Structures are given as structure tokens and as C-alpha cells.
Amino acid sequence: MNRSLMKKISMLGASAVFACGMGSALGADQIIANLGDVGDPIIIPTHDWSSQIVMSNVVGQLLEKLGYEVIYTPTDSQAVYEFVRIGEVHMELEVWEGIFAKSFNAAMDKGGILDAGNHDAITREDWWYPAYVAELCPGLPDWQALERCHAMFTTPETAPNARYLDGPADWLNDNRRIEALGMHFTAINAEGDAGLWSELESAAKNMAPIVLYNWSPNFTDVLYGGAFIEFPAFHPACKTDPGWGINPDMTDDCGSPEEGYLKKAAWDGMPLKWPVAYKVLTRINFNTFQVGTLSKLVDTDGMEYVEAATQWIEKNEAVWSPWLYEVQ
Ligand code: TMO
């Protein structure tokens, strides 16, 4: 441990003890003794939606405050669970239940990846429309009302079907429900998350009908209002048992989970190699408002990811200080 790092941490530790009072905070000595292998960088994977990139940078910057070296690496958001499992990257900060539970569970079954706990944020990922569309199509958010209105969502590209603007192809969204529910829609992948938002913005300018993949918490919650399409409620059996649900011959005749989790995951070598970092990771906990804010800073306010992370840290010391310094 070099002297300047020691000094940096002891200053941090001192301010933390001061901030938390009553001896509930971890002292600088304890932090330094348990940092682990600070000579090796912690690798944090980033994906292609804003809250995940900003959150990764927030956590990376916090770990740097403790004396760790952090590297960010753009990584496929489905393949990442395998990379965490084999220790090629070391954590995943946003495991969204709707589209990643399957890959996460598969990695858990193989071993090598840890469930590092849930954020307080409750998530939903599904077909969605901005508020004004409800006036164009009576009966929304019911999926059968959407199906009755399908003609207004038709595009040259999808005719005679309506267009459902899906997320980018690499998210591997599952749209088997279109066939299972007999809907006259065709899913078209957006060009990245930016493609979703630019099409949403131009549709909204003209009050044009649009139905697209979206999620919550997201910046759209505040900027557009809107609602998720209510499909038959999710049930695990819907995914495995063709007999379940209104289509007796097919699985997937249901929507995504309405109250999904948002988890953190870690390489299982992390607790031994970087004990303090792992402990911090288990305490990291963003609520719905905070995840929405991370996205808003970039997608509504136009900040760069790194800048957004730095600003969030500056404004939220009372939130992250216990994540870094609390005992237990
Ligand atoms: C994982 N995502 C928030 C894009 O659905």
C-alpha cells in the first residue's frame, strides 16, 4: 500500500466516522486491512441502456474512492452472466428480471456467480405506449383493445400487420406472445436504445400511434407518462406449460412480470479477492426514483454517462456513504 493511498483512505475513513457518528462506521484501518488485491483492477461490464451505464460508473467511482482500480468494459447484456461466472468481468449491477432472469438463472445453475442482493427498485419491462395513445385507442391498456386497434399501428414495413417497435436485437426479447395470442403485430428491432427514443420522440411530436418496448424505472416515466399493455398476467407456468393460459397449444400467452426484481450479481471469487468491494456491492441499493434519475440525467438532460455518475455522487453522499462505510 503506498503512502498517498493510505492518506486518501484515512481521510475518507475519518470523514465517514464523522458523518455516521456513534462508531457505526468502518474505520480507515479496517477498510485498508480488507481491501484485498488492489493491484488487480475490478472489471465492471457496461451495456446499452443509460441507467446501467451510469450506475456502473457510480459504483466504479465509489470503489475508486476506497483505493481500487476499476476498468469498464462494454459487454453483451445476455452473455455477461457467463462472463461473470468465469470471472472475466466481476459484477453486474442491473439484472432485470424481465429479460435476464433466464440467463442469470442458467449461470447460477452452472456455478461461479453470486446473487449479491436486490435493489429496492421494482421493475417492469414490456410493451408500452406514451399517454396520448390511450386517446387514440379506446380500451387501452388491455391487450385485446390494442389488437382491435392494430390497423392504426400498421406501417409499410409490416403491412398488413401492425408494427411493434422492439428493443435492439441483442437484448433477445421474447415476442412469442404475438403468435400465442393471435395478434396482428410484427416486432421490428430498434437501432439501439437511441433508436427507441428517437422514434418515440418523433411519434410524440405528431401524436402518432406507437407501441414499443420500454421499461420502468426509466426517464420516460416522467417525460411521457404512458402505460404498459396489460397482457394476461405473467405466471412461470406460462413459459413452460402450453396448457396454461388462453392458448391451449402454446406457451408464452402472457405478459412479463409486473413487479420484477432488479438484482446485483458478482463473480464468486470476489469476496476473497476484494472483501471490502464485495461487501460494498451487497449494500449498493438504488430505489425506483434513483434508477429513474440515473437514466434521466443522460436521456432527458443530455449529460455524458461519466459526468452523470460524478454529479449523482456529488449530490447523494448521504445515500452512498453508508454503502461504503457501514459495518455489517
Ligand atoms: C434491461 N432493459 C432495462 C433494457 O430492459
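Start at 1 and go down the list; that is how both ligands and their atoms are numbered. Remember, it's a predicted structure, so these values are computed and weren't measured experimentally.
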Notebook entry, point to check: Where does N218 meet ligand 1, judged by heavy-atom distances below 4.0 Å: at the side chain, the backbone, both, or neither?
Noted result: neither
Notebook entry, point to check: Are any of the side-chain nitrogens in D174 or K239 under 4.0 Å away from the carboxylate oxygens of its partner?
Noted result: yes
Item checked: Contact atoms of ligand 1, heavy-atom distance to F100 under 4.0 Å -> 1 (C)
Check: Do any nitrogen or oxygen atoms of E125 lie less than 3.5 angstrom from nitrogen or oxygen atoms of ligand 1?
Finding: yes
Check: Is a salt bridge present between E179 and R176, judged by a nitrogen-to-oxygen distance below 4.0 Å?
Finding: no
Next item on the list: Indicate yes or no: at least one non-hydrogen side-chain atom of E97 is less than 4.5 angstrom from one of K263.
Entry: no
Note to self: Which label fits Y224 and F219: parallel for a plane angle under 30°, tilted from 30 to 60°, or perpendicular past 60°?
What the structure shows: perpendicular
Note to self: As an exercise, identify every atom of ligand 1 less than 4.0 angstrom from a heavy atom of W171.
What the structure shows: 4 (C)
Item checked: Backbone or side-chain N or O of Y213 under 3.5 Å from ligand 1 N or O -> yes
Margin query: Quick check on F83: does its CZ atom have over 12 non-hydrogen neighbours (other residues, nucleotides or ligands) under 6.0 Å away?
Written below: no
